[in-house]
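First up is the structure itself, then whatever we jot down about it.
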Protein chains: 2
Amino acid sequence: MARDRSELARDLLRGARLRCTSQRVQVLACLSGMTGHFGAEEALAAVNMLPRPPVSRATLYRLLNDLEQQGILRRVLLSENCSRYEFVGPQDRHCHLVCASCGRVEEVRSTVLDQELRHLGEKYGFSPDRASLEVTVASCNECERQRARELTNGD
Amino acid sequence: MARDRSELARDLLRGARLRCTSQRVQVLACLSGMTGHFGAEEALAAVNMLPRPPVSRATLYRLLNDLEQQGILRRVLLSENCSRYEFVGPQDRHCHLVCASCGRVEEVRSTVLDQELRHLGEKYGFSPDRASLEVTVASCNECERQRARELTNGD
DNA sequence: ATATGTGCAAATGGTTTGCATCCTC
DNA sequence: GAGGATGCAAACCATTTGCACATAT
């Protein structure tokens with residue numbers, strides 16, 4: 001299994017014309033096993049949890065950028081103070097509902113959204129085929145209630 | 001006109017239970033006249049272009065946060081290194097198509113998207129009514145072409 | 001009168017970068 | 001062997017914060 005992921009990592013790197021260094025294989029193998037989105041620090045922690053020589057912060061950041069540019073990772077704009085990423089799998093088109101107040105994130109699959117975005121992409125000159133994702137920022141009901149409560153108390 | 005916007009600013013502040021200081025009125029009046037989205041530095045520059053005692057960076061940042069929490073401004077996650085905002089008008093539901101490579105942003109209005117997001121919001125416990133927005137990150141055609149060109153050259 | 005807002009300058013924190021060294025191709 | 005990759009520590013830069021002073025209600 002770890003074997004498989006290392007192989008996958010090597011394939012991905014070669015496909016992206018990136019040199020297969022031990023650090024890159026190690027990071028990519030680890031990330032390909034992560035579910036959902038993650039930040040740079042989480043990734044670093046996960047990678048260096050393994051009994052291997054640790055990967056430095058600088059290398060990790062550089063690699064995250066490279067992988068995103070190659071379409072292997074997708075950068076998700078979920079919060080404004082730290083970048084989050086997703087491993088790009090074959091068919092995992094989904095969008096995120098994000099609460100603007102508490103940061104809660106819900107992953108959602110919707111063919112309606114996908115189709116419409118495809119339309120809009122064509123119309124405005126975008127290719128949502130690669131690294132496409134959709135983020136919706138709103139308030140979750142819990143935070144809305146809280147907000148309503150505060151407003152009421154203020155009276 | 002500037003008069004009108006100052007009045008609007010005062011109304012908004014009072015409605016949000018925020019004290020009407022000269023700085024706040026000045027900032028909000030200025031922002032309410034801006035079209036499209038803007039970053040903190042742009043806002044600061046615009047505000048302090050007026051022949052008035054300048055508003056400090058700290059105050060501006062504090063105010064942007066307050067205004068967003070009150071739903072007067074909307075924070076738009078268009079790039080990961082700096083926050084951007086929009087003045088929230090009455091009926092301006094729109095989404096943004098963002099190119100992951102060059103940062104190009106296209107504002108798009110789509111009732112299909114709005115309806116679907118309303119559905120999804122209900123289903124997953126979000127209120128897209130307040131401060132809702134949608135962001136789609138993709139690659140614009142120009143950047144796709146460039147990418148294809150680079151890959152070809154690499155061979 | 002009192003709670004709040006403002007400005008300054010220093011602190012923060014995620015991310016990037018310069019440079020000497022190491023490793024892949 | 002040569003050009004790209006790594007690690008360290010310092011640099012960056014948008015944003016936040018502590019504190020003394022000013023202001024709105």
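Lettering follows sequence order; numbering is per chain, from 1.
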Exercise: identify the closest heavy-atom pair between A/V47 and A/V27: CG2-CA, 3.9 Å
Proximal nucleotide (of C/dC25, D/dA24, C/dT15) relative to the A/R19 side chain: C/dC25
Rounded distance in Å - CG (A/N81) to C1' (D/dC13): 14 Å
Sugar-phosphate, base or nothing in reach of A/S83, heavy atoms under 4.0 Å: sugar-phosphate
Listed nucleotide nearest any side-chain atom of A/C82, set C/dT15, C/dG7, D/dG4: C/dT15
Along DNA chain D (nearest heavy atom to each residue), the more 5'-positioned of B/Y85 and B/L18: B/Y85
Side chain of A/V55 (C-beta onward), nearest among C/dG7, C/dT4, D/dG7: D/dG7
Candidate nucleotides C/dC25, C/dG5, D/dA5, ranked by approach to the side chain of B/T21 - the nearest: C/dG5
Phosphate OP1/OP2 of D/dT15: any B/N65 side-chain N/O under 4.0 Å: no
Sugar-phosphate, base or nothing in reach of A/P53, heavy atoms under 4.0 Å: nothing
B/C20, nearest nucleotide to its side chain (from D/dT6, D/dT25, C/dT17): D/dT25
Value in whole Å for how far the C1' atom of D/dG7 lies from CZ of A/R24: 14 Å
Interatomic distance where CZ belongs to B/R62 and P belongs to D/dT17 [whole Å]: 9 Å
Closest heavy-atom pair and its distance - A/L120, B/L97: O-CD1, 4.0 Å
A/H37 and A/E42 side chains, donor-acceptor separation under 3.5 Å: no
Separation of C/dT16 C1' from A/L63 CG (nearest whole Å): 15 Å
Spacing of A/R10 atom CZ relative to C/dC25 atom C1', expressed in whole Å: 15 Å
Minimum heavy-atom distance between B/E116 and A/S110, given as atom pair plus value: OE2-OG, 2.7 Å
Among C/dT15, D/dC8, D/dT17, the one nearest A/S56 by side-chain distance: D/dC8
Distance, rounded to the nearest Å, where A/D66 contributes CG and D/dG4 contributes C1': 11 Å
Side-chain heavy-atom pair A/V108, A/H96 within 4.5 angstrom cut-off: no
Between C/dT6 (P) and B/Q26 (CD): distance, integer Å: 11 Å
d(CZ, B/R52; P, C/dG7) in whole Å: 13 Å
Contact under 4.0 Å: A/Y61 side-chain N or O vs C/dT16 OP1/OP2: no
A/Q23 vs C/dC23: side-chain N/O to OP1/OP2 distance below 4.0 Å: no
